[in-house]
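In this chain, residues are counted from 1 in sequence order. All values below were derived from every heavy atom in this structure, side-chain atoms included, with hydrogens, water molecules and symmetry-related copies excluded.
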Amino acid sequence: MSEPGSRMDERLGRLVRRVQVDARVPAVSAALHRADRPLWSCTVGATGTDNPLGPGTQFRIGSITKTFTAVLILQCRDDGLLGLDDPIGRHLDLPAHGELTVRRLLSHTGGLQREPFGDVWDSLRAPDAEQLLAELDRAERVLPTGRRFHYSNLGLAVLGQLVARLRGESWAQSLIERVLTPLGLTDTTVTPRPTAATGFLVDAYSDEAHPEPPTDFGAVGPAAQLWSTATDLARWAAFLADPAALDPAGVVLAPATLDEMRWPLTTTDETLWGAGFGLGLILVPQGDRVVHVGHDGAMPGFLAAAYGRRGGDGTAGAMGAAVLGSSGTAAEVFDLPHRLLAAAVEHDPAEIEPWRPGAPAPTALRGVLGRWWGEGFEYVFSWHDGTLRARGAGDPAGRPPAIFTPLPDQPDVFRTVSGREAGELLRLTRDETGAVVRMHWATYRFTRHQETFDRYDFRAGS
């Protein structure tokens, strides 16, 4: 049973207030977005300015900016302007590293050094676009391409310049016109508003909080420049997890493209496997086929995290959480969105929608429904929500089925569009009466009874 709204609000609020106290964060702003409830937000502390802290207070969001740049890159791909396996040197005139592909840079597997040439974090001076690209030959390839995950702000900065080159406008212009405006993220900006919070470094051995200097990261902006609010970022995280709910027309990105971005391409730790990286997105498994998708961010004086939730019983549509803090060392901020999402699902789960009868299966497919055997294992083929589906007879309830769609010119040939054997063909074979007597899925033979590979049928004994 779900808790009453006021009790649930208090439960979430206590989590935020606990982090603000324990991590000693001058200001914390948190928000939870879900399609079936009003937006929830909570702020604790003070901005460090004369302006009051509230849901509209902006914080620096650091590397969460990378998720926006990644979406801009995928928009370019979907518009036919680039391929993910294109070498970046095909589109940018570079003195070095032009053979690195777009996919490698998005997934941090290109081996490129972490930062642009020079001690940018010491000088707090970032290169402009011309300098960033001209000095790329002074940046190292610190690991062989594809060897392992190695985080690179430089790689995402280069991709931001790629967006600008392909679109014929600045990265910031593309971001505003193609992402922020369509999704209504009106409080997300490249430069801070006068009412933004101040970022601090809190002394480890006293209660002194000293403001960090403001920074503009120039051409490295596509990796870490943006300012935003917790409410905007909770909506953004919900979009990353469930784009069809917030962008049903696919104006920003098609849901299938977000599916592609969320597919893990590497782990961030080869011994722990606690997180993966897709195309610009961090993927954090939560168990029971639940994953949180989003990104963390850090800039001088600020830490931030925004994640959307996918899968699992009780997860609502368009569910995302964001937490922003005005301390550069309060690492508890990174874990809090995950805790908010988990608490919301545990204590206020989404309503269970009633089952309703649907349309019958097409006549030509009714003979496919039921139990089949392949590779010695039993599968159940069924018709639900207008699609042909298949599941292993022993699959746990939470495992998604394989879903098929017919080829337009071959009514007895289907493409597996999701689940087991995604991409492979399912072929039906009929006898002279039109009955389906066997199938081949990913070339494996499927029959109504268990058979060996040389077609010994245990029921017939031959």
Heavy atoms only: give me the nearest [X]-[Y] pair and the separation to one decimal.
X    : Y    : result
V71  : W236 : CG2-CH2, 3.7 Å
Q58  : T191 : OE1-O, 4.4 Å
L240 : G294 : CD1-CA, 4.3 Å
I61  : L324 : CG2-CD2, 4.2 Å
V333 : A305 : O-CB, 4.0 Å
L32  : L341 : CD1-CD2, 3.7 Å

Subject >> side-chain contact (heavy atoms from CB on, under 4.5 Å) between H108 and L156, worked out >> reply: CA-CA 9 Å; H108 298 282; L156 265 291; 3.6 Å; yes

In Å and rounded to the nearest 0.5 Å, what is the [atom1] to [atom2] distance from [X] to [Y]?
X    : Y    : atom1 : atom2 : value
R104 : L106 : CZ    : CG    : 12.0 Å
L100 : T145 : CG    : OG1   : 5.0 Å
S29  : Q20  : OG    : CD    : 12.0 Å
D296 : I282 : CG    : CD1   : 4.5 Å
D395 : E378 : CG    : CD    : 11.5 Å
E375 : F446 : CD    : CZ    : 6.0 Å

Under 6.0 Å from the [atom1] atom of [X], do we count more than 12 heavy atoms belonging to anything else shown?
X    : atom1 : result
D207 : CG    : no
Y151 : OH    : yes
D288 : CG    : no
D335 : CG    : yes
W121 : CH2   : yes
R366 : CZ    : yes
R147 : CZ    : no

State, without any angle test, whether [X] and [Y] hold a side-chain donor-acceptor pair at a distance under 3.5 Å.
X    : Y    : result
T405 : R415 : no
R103 : T101 : no
S174 : R167 : no

Can you check whether [Y]'s main-chain N or O pairs, donor with acceptor, with [X]'s side chain at less than 3.5 Å?
X    : Y    : value
T215 : F217 : no
T181 : I176 : yes
R310 : R289 : no
T266 : F277 : no
S152 : Q113 : yes
R371 : A393 : no
R391 : R399 : yes
D269 : L272 : yes
D232 : D187 : yes
R309 : H292 : no

**OP:** Please step through side-chain contact (heavy atoms from CB on, under 4.5 Å) for the pair S63 and N153, ending with a clear verdict.
**Re:** CA-CA 8 Å; S63 289; N153 285 316; 4.0 Å; yes

Do [X] and [Y] touch side chain to side chain, with heavy atoms closer than 4.5 Å?
X    : Y    : value
L281 : H295 : no
L185 : F68  : yes
L159 : P222 : no
T43  : V16  : no
H210 : D203 : no
P362 : W383 : yes
L425 : L407 : yes
Y379 : R420 : yes

Electrostatic pair [X]:[Y] at N-O distance under 4.0 angstrom:
X    : Y    : answer
R24  : E332 : no
R37  : E351 : yes
D348 : R34  : yes
E346 : R11  : no
E212 : R60  : no

**OP:** Decide yes or no on side-chain contact (heavy atoms from CB on, under 4.5 Å) for R339 and R18, but give the supporting numbers first.
**Re:** CA-CA 12 Å; R339 296 171 60 199; R18 187 78 268 162; 5.6 Å; no

Subject >> Identified side chain to side chain contact (heavy atoms under 4.5 Å, CB included) counterpart of L226 within the set T69, L175, T67 >> reply: L175

**OP:** Take V102 and I88 through the side-chain contact (heavy atoms from CB on, under 4.5 Å) test and state the conclusion after the steps.
**Re:** CA-CA 6 Å; V102 175; I88 55 173; 4.1 Å; yes

Original post:
When the ring centroid of W227 is compared with that of F302, is the distance short of 6.0 Å?
Top reply: yes

